[in-house]
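Here is the structure we will look at, set down as structure tokens.
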Number of protein chains: 2
Amino acid sequence: MKRTPAGDAFTDVVTTGLLLGGVLEQAGDTLTAPDGQSGARWKVLGIVSKREMTVAEIARFLKLSRQGVQKVADLLTKEGLTAYLDNPSDRRAKLLALTNRGREILSAIQTRQRRWANHMGEKFEVGKLAEIKAAIQKLIAVLSDSD
Amino acid sequence: MKRTPAGDAFTDVVTTGLLLGGVLEQAGDTLTAPDGQSGARWKVLGIVSKREMTVAEIARFLKLSRQGVQKVADLLTKEGLTAYLDNPSDRRAKLLALTNRGREILSAIQTRQRRWANHMGEKFEVGKLAEIKAAIQKLIAVLSDSD
DNA sequence: ATCAAATTGACAACCGGTTGTCAATATTGC
DNA sequence: GCAATATTGACAACCGGTTGTCAATTTGAT
């Protein structure tokens, strides 16, 4: 299989995209670390803050395995940021809900995130961010339609 | 902390970028799965194919922890794709080298990757890939200079 | 040449993700 | 209403990453 210019350019983009992914994961962890949390916990806290959900629902929403989310939810609960509430409509699947402490911590993270995003956002010319987003979305679109 | 349009746009880009990262990681695993490998193993095989290196060197190169790379290297070695060679210049740090089997498998992965990249590359208009790469790099640059 | 400091691999514990299995419970079709 | 099926949480094993500790070895400064 011979290499083509377009193929090389694509590989280049993939490499750069992987790098970006790492940087962003890191940013999420850095943003949440001051409150002893992580990107993974943040996602769960954020989702549960909007509506109490079962672990299986959260997993479907985040497109993660049920068991993976279960671990995070158990950790959050052990640390007192969430609690399992009886679910009147399903005796197996308890509802994960924020505790007061969970609300406080999520709020602290969100404040920090907003400050960070506002600050970073200003480093781009007007319209540039939309352009970057469109570029990434185009890439995702091509990667996702498998044929 | 109030939200700003630029901040919201930035947050949007971050979300999209995280999604991209996931899709790319997945692509790496899919590309290597037919040979029973993974993205992580692929990186190590690729690096070692150019030059035999110690685990610590590989870790520095990939910007991963020494211990994380050690685990992958041990797995690869256990499966016969790599071997530890005595290092004349350091009695502790053996050199990780490809075996014949490792070379075969890496070659198979590379062929599959090239076919994939060539195919995907053709789905973009000329110049579009360079544009996407530049957009992502701009984002990485801003994220990386911490101030 | 010696001695302090840095590097290294082995080991262990953990986080966040996966897959697979199992028993309990819900849901659906008839 | 009942039986087949699907969903769920608990549990376990694994991968790929992290941090931390330790003893052995290298390296570097004097």
Side-chain angles (χ1 to χ4, degrees), chain A residues 18-19 21-26 28-30 32-33 35-45 47 52-79 81-96, chain B residues 18-19 21-30 32-33 35-47 52-79 81-96:
Chain A
L18 281 168
L19 185 55
V23 172
L24 290 178
E25 292 287 348
Q26 182 56 50
D29 286 342
T30 300
T32 52
D35 298 289
Q37 301 304 309
S38 68
R41 287 159 152 86
W42 180 17
K43 282 176 204 157
V44 172
L45 290 174
I47 220 176
E52 295 163 5
M53 281 171 100
T54 67
V55 164
E57 283 174 325
I58 296 169
R60 279 190 295 267
F61 193 88
L62 295 179
K63 306 207 176 191
L64 296 177
S65 71
R66 204 174 76 246
Q67 296 90 328
V69 172
Q70 185 79 54
K71 282 198 208 172
V72 175
D74 286 349
L75 283 174
L76 286 171
T77 298
K78 193 166 62 176
E79 293 169 10
L81 308 212
T82 53
Y84 288 112
L85 306 182
D86 278 346
N87 182 352
S89 73
D90 191 328
R91 197 151 121 196
R92 301 164 300 177
K94 302 264 185 72
L95 291 168
L96 192 67
Chain B
L18 282 168
L19 185 55
V23 171
L24 290 177
E25 292 286 349
Q26 181 56 49
D29 287 341
T30 300
T32 52
D35 299 289
Q37 300 304 309
S38 68
R41 287 159 151 87
W42 180 18
K43 282 177 204 158
V44 171
L45 290 174
I47 218 175
E52 294 164 3
M53 280 170 100
T54 67
V55 164
E57 283 174 324
I58 297 170
R60 279 190 295 268
F61 194 87
L62 296 179
K63 307 208 175 190
L64 295 177
S65 72
R66 203 174 77 247
Q67 296 90 328
V69 173
Q70 185 79 55
K71 282 199 208 170
V72 175
D74 286 350
L75 283 173
L76 286 170
T77 299
K78 193 166 62 177
E79 293 168 13
L81 309 212
T82 54
Y84 288 113
L85 306 182
D86 277 347
N87 182 351
S89 72
D90 190 327
R91 198 152 119 194
R92 300 165 301 177
K94 303 263 186 71
L95 291 168
L96 193 68

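Quick caveat: nothing in here was measured; it's all calculated off a predicted structure. Residue numbers begin at 1 in each chain, while the letters A, B, ... track the order of the sequences.
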>> For the CG atom of B:L19 and the CG atom of A:L24, what is their distance to the nearest 0.5 Å?
In response: 11.0 Å
> Would B:S38 and B:T32 satisfy side-chain hydrogen bond (donor to acceptor under 3.5 Å, both in side chains), going step by step from the backbone distance to the final call?
Replying inline: CA-CA 5 Å; B:S38 68; B:T32 52; 5.5 Å; no
> Taking protein heavy atoms under 4.0 Å as touching, what does nucleotides 13-20 of chain D look like 5' to 3' if B marks base contact, S marks sugar-phosphate-only contact and - marks none?
Replying inline: B-SSBBBB
> Just how far, in rounded Å, is P of C:dA24 from CG of A:D90?
Replying inline: 15 Å
>> What is the distance, to the nearest angstrom, from the CG atom on B:L96 to the P atom on C:dT8?
In response: 15 Å
> What's the CG-C1' distance between B:D74 and C:dC11, to the nearest Å?
Replying inline: 11 Å
>> Does any part of the side chain of B:L18, heavy atoms only, come nearer than 4.5 Å to the side chain of A:E25, both counted from C-beta?
In response: yes
> Among all residues two or more places apart in sequence or in another chain, which pass the side chain to side chain contact (heavy atoms under 4.5 Å, CB included) test with B:L95?
Replying inline: B:E52, B:T54, B:L85, B:N87
> When you measure from the side chain of B:A93, which nucleotide among D:dA10, C:dT8, C:dT25 comes out closest?
Replying inline: C:dT8
> Taking all atoms of both residues into account, what is the closest heavy-atom pair of B:G36 and B:R41, and its distance?
Replying inline: O-NE, 4.5 Å
> What is the distance, rounded to the nearest whole Å, between atom NZ of A:K94 and atom P of C:dA24?
Replying inline: 16 Å
> Listed by chain and number, what are the salt bridge (Lys or Arg N to Asp or Glu O under 4.0 Å) partners of B:D90, not counting sequence neighbours?
Replying inline: B:R92
> Atom CD of A:Q70 and atom C1' of D:dA10: how far apart are they, to the nearest Å?
Replying inline: 8 Å
> In chain order, what residues pass the side chain to side chain contact (heavy atoms under 4.5 Å, CB included) check against B:R60, with sequence neighbours excluded?
Replying inline: B:A56, B:E57
> Where along residues 52-60 of chain A does a heavy atom come under 4.0 Å from DNA chain C, residue by residue in number order?
Replying inline: none
> Mind checking what makes salt bridge (Lys or Arg N to Asp or Glu O under 4.0 Å) contact with B:D29, not counting sequence neighbours?
Replying inline: none
